[in-house]
Amino acid sequence: MRTKTKIRILRAEAAAPLFSKKNDRLKEVKETVKRILEAVEARGDQAVREFAREFDGFDRPSFLVDKEELIQAEQSISQELRSALQSAATNIRSFAKLQMPPEFMTELAPGHRVGQIVRPIETVAAYIPGGRYPLPSTVLMTCIPAFVAGVSNVWVTTPKPNEVVFAAAQITGAPNVALIGGAHAIAAFAFGTETIPKAGRIVGPGNIYVTAAKQILAGQVGIDFVAGPTEVLILSNDGNPAWIASDMLAQAEHDTDACAFLFTTSRALAESVAAEIALQLETLPTATVAATAIDSNSAIVICESTDQAVDLANQVAAEHLCIHDSSLLPRIQNAGSVFIGPYSPEAAGDYVSGPNHVLPTAGRACLSGGLSVLDFLKVITVQELSQDALGKVGREGAILARAEGLEGHARSIEVRLDA
């Protein structure tokens, strides 16, 4: 089916409105979500079951998926798919292990020892959407870093049964899968119910109701991000037009709200990529979704210079940033994840290269990076002072305490010094 989509080609100064979209829809759903959260907090499993029936068509006797069903799911998928999931899991696990922070104790001065110990969160819930496409890769990306961190109680929650999602859970070793989705799933793990444990952190993407629930409950339960639509930004002046177009369409096919941008100094490249996008859409099975995202939210931006392109990219703080020149990396300040060179497509990062694909969107990459093993850990500082070491630093501590008006603090130090 031919499409009439033609991506916009804009000058940098005209593109600014595309990068400052506000999620007004999030405000609209918050009142509905608050009622769901209050009901689950008050009535636990009963409320969760009512919402699961209403929104997800839930009709099972229990939210919990039997272990045998997970085993059967892994056995039922093709060997090719099983092997791909296992290979991706290996890379994700290896990368997560590299991110583990060290424990240490060291002496700042004789008798003055400081350090840190690293401990996992006890219970984590990984939210796996049940929308247009199954997301077994998100099971791997959320559960494996938690296991590497040492989390003892990892739960997967998803709205509807799905064989591939179940198989991925089994491959990660996640023993607990709940068939709950939406805001009621977030509430169940935030508050705890008769069936569902209270989680220390809830991670994973979701629809706008899930996002609103996480935003409202942030502080009562740890979350990863308040996510917006997915996005990719490509910086290239002389790349392969067909490859760049395919990367932009790969992102656009996620959702009609997805965003795909190319920043370039080359008008010729811009026009070639625009032509390729139109051409490739003709044979893309997900063309309806992708074309809407391209028409509504995406653009090719002509920059005056590479410096301007990099500066603008840092302002946008995109979820996925693709740079065709590795020399630009030291100048990248804000991005969820960076992909270097023509053989590092963002799609590889979605599945198999190892770094996490759960990433900040909507400019939040200026504040944080993607999900990592660190999200499942507590780094606890340790200090040990000998009598001599306290004698060397204690007087200054007492002076600072009194400067803050905290006499009790000062005396707790001086009572030892005077002894």
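Because only heavy atoms are used, hydrogens play no part in the values below, and waters and symmetry mates are left out as well, while side chains stay in.
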Side-chain touch N91/S353, heavy atoms, less than 4.5 angstrom: no
Candidates I234, D247, D350 - the one meeting side chain to side chain contact (heavy atoms under 4.5 Å, CB included) with H320: D350
Between CG on residue D255 and CD on residue E231, distance to nearest 0.5 Å: 12.5 Å
Candidate pair N356 and S372, rule side-chain hydrogen bond (donor to acceptor under 3.5 Å, both in side chains), full reasoning: CA-CA 7 Å; N356 214 284; S372 77; over 6 Å; no
Cation-aromatic face contact R201/F376, 6.0 Å, 45 degrees: no
Nearest heavy atoms of G397 and I413, plus distance in Å: C-CD1, 3.8 Å
Salt bridge flag under 4.0 Å for residues E38 and R35: no
Value rounded to 0.5 Å, distance of OG1 in T142 from CZ in F147: 10.0 Å
Chi angles and distances behind the side chain to side chain contact (heavy atoms under 4.5 Å, CB included) call for V40, F189: CA-CA 10 Å; V40 173; F189 281 97; over 6 Å; no
Pair F261 + F19: ring centers closer than 6.0 Å: yes
E194, CD: over 12 other non-hydrogen atoms inside 6.0 angstrom: yes
Any donor-acceptor N/O pair, T157 side chain to I180 backbone, under 3.5 Å: yes
side-chain hydrogen bond (donor to acceptor under 3.5 Å, both in side chains) between T306 and N237, worked out: CA-CA 8 Å; T306 299; N237 295 332; 3.1 Å; yes
Gap between atom CD1 of I128 and atom CG of N162 - 0.5 Å precision: 11.0 Å
Under 3.5 Å: donor-acceptor pair, side chain of S94, backbone of T90: yes
Between Q280 and S246: side-chain donor-acceptor atoms closer than 3.5 Å: no
Worked verdict on D325 versus S327 for side-chain hydrogen bond (donor to acceptor under 3.5 Å, both in side chains): CA-CA 5 Å; D325 183 352; S327 69; 2.8 Å; yes
Side chain to side chain, R11 and E304, heavy atoms closer than 4.5 Å: yes
Expected output: side-chain S298 to main-chain A260 donor-acceptor under 3.5 Å: yes
From CA spacing to verdict: side-chain hydrogen bond (donor to acceptor under 3.5 Å, both in side chains), R49, Q46: CA-CA 5 Å; R49 187 176 298 279; Q46 180 185 358; over 6 Å; no
Sub-4.5 Å side-chain heavy-atom contact between R364 and V226: yes
Ring geometry between F63 and F58 (parallel below 30°, tilted from 30 to 60°, perpendicular above 60°): tilted
Close side-chain approach of E74 and Q86, heavy atoms under 4.5 Å: yes
Distance-minimising heavy-atom pair for D224 and G204: OD2-N, 2.7 Å
Side-chain (S83) to main-chain (E80) donor-acceptor, under 3.5 angstrom: no
Any donor-acceptor pair under 3.5 Å from T361 side chain to G228 backbone: yes
Check against side chain to side chain contact (heavy atoms under 4.5 Å, CB included), L249 and I277: CA-CA 7 Å; L249 289 173; I277 287 173; 4.0 Å; yes
4.5 Å side-chain heavy-atom contact, L179 and V65: yes
CD1-OG distance between I300 and S272, expressed to the nearest 0.5 angstrom: 9.0 Å
N/O donor-acceptor pair under 3.5 Å between N207 side chain and G182 backbone: no
Steps toward side chain to side chain contact (heavy atoms under 4.5 Å, CB included) verdict (F191, Q220): CA-CA 8 Å; F191 301 123; Q220 296 186 58; 3.5 Å; yes
Test item: P136 and L85 side chains (from C-beta on) under 4.5 Å apart, heavy atoms: yes
Euclidean distance, T288 OG1 relative to E253 CD, rounded to 0.5 Å: 11.5 Å
K30, NZ atom: more than 12 neighbouring heavy atoms under 6.0 Å: yes
K67, NZ: over 12 other non-hydrogen atoms inside 6.0 angstrom: yes
Nearest heavy atoms of C143 and V156, plus distance in Å: SG-CG2, 3.5 Å
Under 3.5 Å: donor-acceptor pair, side chain of R93, backbone of I144: no
Whether Q116 side chain and P102 backbone form a donor-acceptor pair below 3.5 Å: yes
Heavy-atom closest pair, residues A190 and L217: CB-CD1, 3.6 Å
Closest non-hydrogen atom pair, S266 against T264: N-OG1, 3.0 Å
Min side-chain heavy-atom separation P205-Y127 under 4.5 Å: no
H409, NE2 atom: more than 12 neighbouring heavy atoms under 6.0 Å: no
Student check: side-chain heavy atoms of V232 and F339 closer than 4.5 Å: no
CA sep, side-chain torsions, deciding dist, call: I9, I302, side chain to side chain contact (heavy atoms under 4.5 Å, CB included): CA-CA 7 Å; I9 300 178; I302 306 293; 3.8 Å; yes
K198 and E122 ion-paired at < 4.0 Å: no
Distance-minimising heavy-atom pair for I186 and I202: O-CD1, 3.6 Å
Separation of K160 NZ from D56 CG (nearest 0.5 Å): 6.5 Å
R53: salt bridge (charged side-chain N to carboxylate O under 4.0 Å, His left out) partners, not counting sequence neighbours: none
